[in-house]
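In what follows, residues are counted from 1 in the order of the sequence shown. Keep in mind that what you see is a predicted model, and the values were worked out from it rather than measured.
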Amino acid sequence: QGSYTWSNSLDTSSKQIRGPGESNQTYSTQNWLDPASEKGPSNFDVTHVFTFNYTVDLPGQNMAGAAGHVLGGWQLGGIVTLATGVAETLQLGYDNCRCLSGEIFGVSTTDNRPDLIAGGDSNPVLFDGREPTAYFDTSQFEPAPAGFHGNVGRNTLRIPGVSTFDFSLIKNTRLSEQANLQFRAEFFNIFNRTNFGDPETRLFLGPGRPGSPGRITSTTTTARQIQFGLKIAF
């Protein structure tokens, strides 16, 4: 069984239930007098999702005798999940526009967005997103002039997605007409792929105080896990 979904959701504000590959950002408007400038990908927007699962009976299922007990009854199974990351907003991290620090009518005024340099890329992911110490190129952005809003849009950066491959090896052995012995070896994230969490998206801690933008310090899935099982069905 397999499925593929392409989607594109746009809005001016959104939240979402946390899960693997999902942003932890919530609604934060840069200029509440200009809501149209907030239009961009939804916080939960995932462009591509592919899932595939299978079970394969290996040859020798109906072999009789001792050979059947050894070579028969084997199955392979697996689940593949591939999904692109959701969108996050790049922020300066301080009140560069001088719009009053804190909140106005419940809307944050401190998370100002930066300016994009001339000819810059608003989604400058580096090394295919596989370098956790420098997920994106911070040199593409600069603070807007003091007292002004930045021109970078909302949710322009795509955070890491999710890629997992689970695998199982199963052996069914008929003990009698009414009893079956099953051995299972299951490998979760068999290729031990690291699925990174959110990068730091605040470029500065304050005026002239660089932060750690682009650094990733968490993962969204576990490392490889292996488990074995033995059961009798009757």
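Not one N or O on the side chain of Arg184 forms a donor-acceptor pair closer than 3.5 Å with the backbone of Phe228.
Of the candidates Ile159, Asn123, Leu90, Phe136 forms a side-chain contact (heavy atoms from CB on, under 4.5 Å) with just one, namely Leu90.
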Verdict with reasoning, Ser168 to Phe187, per side-chain contact (heavy atoms from CB on, under 4.5 Å):
CA-CA 6 Å; Ser168 63; Phe187 305 81; over 6 Å; no

Between Leu157 and Ser122, is a side-chain contact (heavy atoms from CB on, under 4.5 Å) present by the stated rule, with each step listed?
CA-CA 7 Å; Leu157 181 73; Ser122 61; over 6 Å; no

If you apply the rule ring-ring contact (aromatic ring centres under 6.0 Å, His included), what do you find for Phe165 with Phe191, and how did you get there?
CA-CA 7 Å; Phe165 184 7; Phe191 296 124; 5.2 Å; yes

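Side-chain contact, Asn195 with Arg193: a donor N or O sits under 3.5 Å from an acceptor N or O. Using modelled atom types, one finds no donor on one side chain facing an acceptor on the other under 3.5 Å when comparing Asp121 with Gln140. A donor atom on one side chain and an acceptor atom on the other are found under 3.5 Å apart for Thr89 and Asn155. Glu131 and Thr133 share a donor-acceptor pair across their side chains, judged by distance under 3.5 Å alone. In summary, the side chains of Lys39 and Ser37 do not present any donor paired with an acceptor at a separation below 3.5 Å, with no hydrogens or angles considered.
Rounding to the nearest 0.5 angstrom, the gap separating the CG atom in Asn192 from the CZ atom in Arg224 is 4.0 Å.
Shown here is Phe148, whose CZ atom has no more than 12 heavy atoms of other residues, nucleotides or ligands within 6.0 Å.
Looking at Arg154 and Glu88, no side-chain N of the basic residue comes within less than 4.0 Å of a carboxylate O on the acidic one, giving no salt bridge.
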